[in-house]
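To keep things clear, I will list the structure first and then write my remarks on it.
As a basis for the values below, the full set of heavy atoms in this structure was taken, side chains included, without hydrogen atoms, waters or symmetry mates. A quick note: this is a predicted structure, and the numbers were derived from the prediction, not measured. Indexing begins at 1, ligand by ligand and atom by atom, following the structure's order.
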Amino acid sequence: MINPETTARLDAKAQQILRANDKGGYTVPTKGLYPFQWNWDSALTALGIACFDADRAWQEIEKLLSAQWDNGMVPHIVFWQHEEGYFPGPGEWQSGRTPPTSGITQPPVAATIVRQLANFLPGDHSARVTPMLHALDRWHQWFADARDPDGRGVVAIMHPWESGRDNLPDWDAPLAHVDTSHVGAFLRRDTQLVNAAERPRNHDYDHYMALVQFGRNCQWHVKTIAEKCPFWVAEPGMNAILRRAERDLVALALQFNLPSIATRATHRLARLDHGFNQLWSDIAKGYTTLDLRNNKLEHRLSSGSWLSLYGGPENEERAEIHCSTLNRWRQQIRFALPSFDPGDPAFDDIRYWRGPVWAMINWMIATGLAEHGHPDMADQLADDTAALIDQSAFREYFSPVTGKGGGGKDFSWTAAMWLYWASPSARQKTETQ
Ligand code: GLC
């Protein structure tokens, strides 16, 4: 149990981190390692900022959406200012945009965050929210057109970075089909800043760069990508987050009187809700990754598998299966929820997305658990997140085995999740509301 003094100290520290990472209208995930605006980091970070500065929280989303491409995509990185030595920087991506951006997207949590903010913050938000809903509708439509052109009801990623879960073991098999012979030499900067044992391996990076080169060579043309990209994978995290986002967009469009957006989002949502079942694995007893190029389902569970509960209503039988697997995982580790199955040989408790716990994924899964009638399990996730932050401060992620922090320090979304959700003071506020 975290005592009131520690709570007050960590509340103050979290706020201080968010203020220090503020570059004026947008917040960097952490200084040094990630010195620009990242898509889902910004959206999730806005929740934390909302706890002390409502106007600034809205700005975070506005700034992100202002970098939207003409085709509707909201990019995964926006390079608002020059930063010497960052790799891969604007020169590698060659997006042809001003400001320069990467050429891929990230999980579209933004609509969900806008809904949370609209409900959390007092006042009339229509003037601010209406333009955002138009932008979000265009982005979601881009997902349908560019990433699911055949209309099968699951959206694909063309790069592991699009999933936001960069080196998940799920990508190992599909990446093996990517030719890296033309990649050439490059200098990574991440491993100069962070212990290499905590980062993706060089072998993975060669594949990441081959896919960046592929996108750049076809000028990020979405039809060519859908037809020819050697990595084309549907995964439960991205698809669950998009389903949730469409659901929240429908609710917001109705609330703010934008019926045509509500109609379009409802149609897209129906297709996604129906298509999601293609990711179910009877062997793994959960939703897993589907390699669309090779028509192969990965029969392994990751934290993305539980995001199905956040994505939308799940039938009772499957929801129960999820909960009992989660309880089984709990017995193998000290802190939930690992990003990958702790019983699988590929599990690595400190290497990025191959095992570690991430605070914002815990928040999403807890949201889904609470909505499926498991507030106790949701509370346990908040307890674990708070205990990890108490033990290891606001690191990028944590080992589920030892609780040790990994990756970047003073990390924005970890601070935001503390302020908005895991801190005892945030939980007290929710209880008294
Ligand atoms: C890494 C993470 C990704 C995040 C980014 C910035 O690439 O895998 O999810 O958005 O860092 O924090």
Quiz item: Are Tyr208 and Trp161 close enough that their ring centers fall under 6.0 Å?
Solution: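 Aromatic pair counts; centres sit under 6.0 Å.
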Below 4.0 angstrom from a heavy atom of [X], which ligand 1 atoms are there? Numbered from 1 as shown, please.
X      : result
Phe411 : 12 (O)
Pro29  : 6 (C), 12 (O)
Trp413 : 4 (C), 9 (O), 10 (O)

Quiz item: Of all the non-hydrogen atoms in the protein, which one sits nearest to atom 9 (O) of ligand 1, and at what distance?
Solution: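 Going atom by atom, the protein heavy atom closest to atom 9 (O) of ligand 1 ends up being Gly164 O, 2.5 Å.
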Quiz prompt | Top protein contact for atom 8 (O) of ligand 1, by heavy-atom distance | solution =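 Going by distance alone, atom 8 (O) of ligand 1 is nearest to Asp166 OD1, 2.6 Å.
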Practice problem: Of the side chain and backbone of Gln106, name the one, both, or neither that has a heavy atom under 4.0 Å from an atom of ligand 1. | Solution: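 For Gln106, the contact with ligand 1 is made by the side chain alone.
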Heavy-atom nearest neighbour of [atom] within options [options]:
atom                    : options                     : answer
atom 2 (C) of ligand 1  : Tyr397, Trp40, Tyr352       : Tyr352
atom 4 (C) of ligand 1  : Thr30, Asn167, Asp41        : Asp41
atom 11 (O) of ligand 1 : Tyr208, Phe36, Tyr34, Trp38 : Tyr34

Practice problem: Give me the ring orientation class for Trp358 and Trp413: parallel if the planes are under 30° apart, tilted from 30 to 60°, perpendicular past 60°. | Solution: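 Judged by the thresholds at 30° and 60°, the geometry between Trp358 and Trp413 is perpendicular.
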Quiz item: How are the rings of Trp306 and Trp329 set to each other: parallel, tilted or perpendicular (split at 30° and 60°)?
Solution: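 Perpendicular, since the angle between the ring planes exceeds 60°.
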Self-check item: Distance-only side-chain donor-acceptor flag, Arg351 / Asn195, under 3.5 Å
Solution: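 The answer is no; no qualifying pair exists.
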Quiz item: Any side-chain donor-acceptor pair under 3.5 Å between Asp11 and Trp418?
Solution: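 Yes, side-chain donor-acceptor contact under 3.5 Å.
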Quiz item: For ligand 1, is there an N or O atom under 3.5 Å from any N or O atom of Trp358?
Solution: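 No, no N or O pair falls under 3.5 Å.
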Quiz item: For ligand 1, is there an N or O atom under 3.5 Å from any N or O atom of Glu396?
Solution: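 No, since none of the N or O atoms of Glu396 sits under 3.5 Å from an N or O of ligand 1.
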Quiz item: More than 12 heavy atoms of other residues, nucleotides or ligands under 6.0 Å from NE2 of His177: is that the case?
Solution: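 Enclosed.
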Exercise. Mark yes when over 12 heavy atoms from residues, nucleotides or ligands other than Gln81 sit less than 6.0 Å from its CD; otherwise mark no.
Key: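 It does: Gln81 CD has more than 12 such atoms within range.
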Quiz prompt | Test: Arg188 cationic atom under 6.0 Å from Phe87 six-membered ring centre, within 45° of axis | solution =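 That pair does not qualify as a cation-pi contact.
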